[in-house]
Amino acid sequence: QFFQGLTAAAYEYGVDIVGSDLTSAQQVTVTVTVTGFSLLKKQLHLRSQAKAGDFILVTGSLGASAAGLWLSLNPQAQQQVSNAADLLKAHFRPQARVKEALFLAKHGCEALADISDGLARDMTNICLASGVGCLIEEENLPLAKGVAEVARLSGKTATTVALSGG
């Protein structure tokens with residue numbers, strides 16, 4: 001089942017699976033390495049390319065994956081969240097926003113990164129790599145539907161959930 005999902009994702013994003021290393025153990029551990037290259041340096045959009053005055057843009061809503069993780073660890077709460085299935089899917093089958101990234105790169109965005117580790121952690125990485133700071137306005141965070149419900153059930157704020165996981 002894992003390999004079927006991995007194969008489907010590879011096909012969806014046009015990448016090849018070129019090797020594997022399977023062993024037997026009591027716990028399942030999976031490590032995936034993805035490599036790539038660019039023939040033109042200008043095609044690279046690195047965390048270190050952020051500049052003072054840049055805007056912080058996200059291409060979707062925040063917190064769905066973090067909320068889905070919490071729901072997977074607390075299955076008894078799933079029936080209390082109206083779109084639990086969507087949040088679980090966001091965690092277990094995240095969608096890379098490749099088309100959106102290509103659009104942003106084409107239109108002048110320089111420092112691009114996925115935020116699967118959460119906006120707070122990934123913005124910290126961008127700021128450290130670029131030598132700049134940032135200001136995130138809480139009222140402008142696009143929260144995924146259901147994040148506020150999960151936050152209430154988990155004893156966290158919706159902002160904390162939104163910033164802590166994709």
Side-chain angles (χ1 to χ4, degrees), residues 1-36 45 47 55-107 109 111-126 134 136-166:
Q1 188 177 29
F2 170 77
F3 190 73
Q4 287 175 337
L6 187 62
T7 302
Y11 178 78
E12 182 177 347
Y13 297 111
V15 299
D16 296 318
I17 299 173
V18 294
S20 64
D21 183 18
L22 299 174
T23 59
S24 173
Q26 290 183 359
Q27 278 188 302
V28 175
T29 303
V30 177
T31 301
V32 176
T33 302
V34 178
T35 62
H45 295 272
R47 291 180 178 105
F55 288 96
I56 299 169
L57 306 172
V58 296
T59 59
S61 56
L62 302 174
S65 180
L69 172 61
W70 188 86
L71 287 170
S72 74
L73 297 173
N74 298 275
Q76 72 284 358
Q78 292 177 17
Q79 60 190 345
Q80 299 175 56
V81 179
S82 59
N83 66 323
D86 294 334
L87 298 173
L88 289 162
K89 182 179 178 186
H91 181 70
F92 288 110
R93 186 74 165 98
Q95 298 295 303
R97 296 181 176 273
V98 176
K99 290 178 185 173
E100 293 88 340
L102 292 171
F103 176 86
L104 292 170
K106 183 178 176 182
H107 290 87
C109 292
L112 302 175
D114 76 279
I115 56 169
S116 58
D117 291 328
L119 184 61
R121 179 174 288 163
D122 289 312
M123 281 309 305
T124 298
N125 292 337
I126 288 173
C134 73
I136 297 173
E137 297 172 344
E138 182 177 6
E139 65 274 7
N140 291 325
L141 292 174
L143 301 180
K145 182 180 179 205
V147 166
E149 292 173 78
V150 170
R152 181 182 46 78
L153 292 168
S154 66
K156 298 177 182 175
T157 68
T159 299
T160 298
V161 175
L163 293 176
S164 65

Testing the basics here: between [X] and [Y], what is the closest heavy-atom pair and its distance to 0.1 Å?
X	Y	value
Glu12	Gln95	OE2-OE1, 3.0 Å
Val161	Ala67	CG1-N, 4.1 Å
Pro142	Gly60	CG-O, 3.5 Å
Ala158	Ala151	N-CB, 3.5 Å
Cys134	Ile56	CB-CD1, 3.8 Å

Hey, are the side chains of [X] and [Y] touching, using non-hydrogen atoms and a 4.5 Å cut-off?
X	Y	result
Leu62	Val147	no
Leu88	Gln78	yes
Leu6	Val30	no
Leu57	Leu104	yes
Met123	Ile126	yes
Leu87	His91	no
Val150	Asn74	no
Val28	Phe2	no

Would you compute the distance between atom [atom1] of [X] and atom [atom2] of [Y] and round it to the nearest 0.5 angstrom?
X	Y	atom1	atom2	result
Leu71	Asn83	CG	CG	8.5 Å
Thr59	Asp114	OG1	CG	10.0 Å
Arg97	Ile115	CZ	CD1	8.5 Å
Thr159	Glu138	OG1	CD	3.0 Å
Leu73	Ser154	CG	OG	11.5 Å

**Asked** Within the distance-only criterion (no hydrogens, no angle test), does the side chain of Tyr13 pair as donor or acceptor with the backbone N or O of Ala96 below 3.5 angstrom?
**Response** yes

**Request:** For Asp117 and Asp122, indicate whether the former's side chain and the latter's backbone hold a donor-acceptor pair under 3.5 Å.
**Result:** no

**Trp70/Leu153 under side chain to side chain contact (heavy atoms under 4.5 Å, CB included): CA gap, chis, key distance, verdict** = CA-CA 10 Å; Trp70 188 86; Leu153 292 168; 3.8 Å; yes

**Request:** Could you walk me through whether Leu163 and Leu141 pass the side chain to side chain contact (heavy atoms under 4.5 Å, CB included) test, one step at a time?
**Result:** CA-CA 9 Å; Leu163 293 176; Leu141 292 174; 4.0 Å; yes

If you draw a 6.0 Å radius around [atom1] in [X], do more than 12 non-hydrogen atoms from other residues or ligands fall strictly inside?
X	atom1	answer
Arg121	CZ	no
Gln76	CD	yes
Phe103	CZ	no
Glu139	CD	yes

**Request:** Show your reasoning for whether side chain to side chain contact (heavy atoms under 4.5 Å, CB included) applies to Lys145 and Asp86.
**Result:** CA-CA 9 Å; Lys145 182 180 179 205; Asp86 294 334; over 6 Å; no

**Request:** Would you check, one step at a time, whether the test side chain to side chain contact (heavy atoms under 4.5 Å, CB included) holds for His45 with Cys109?
**Result:** CA-CA 8 Å; His45 295 272; Cys109 292; 5.9 Å; no

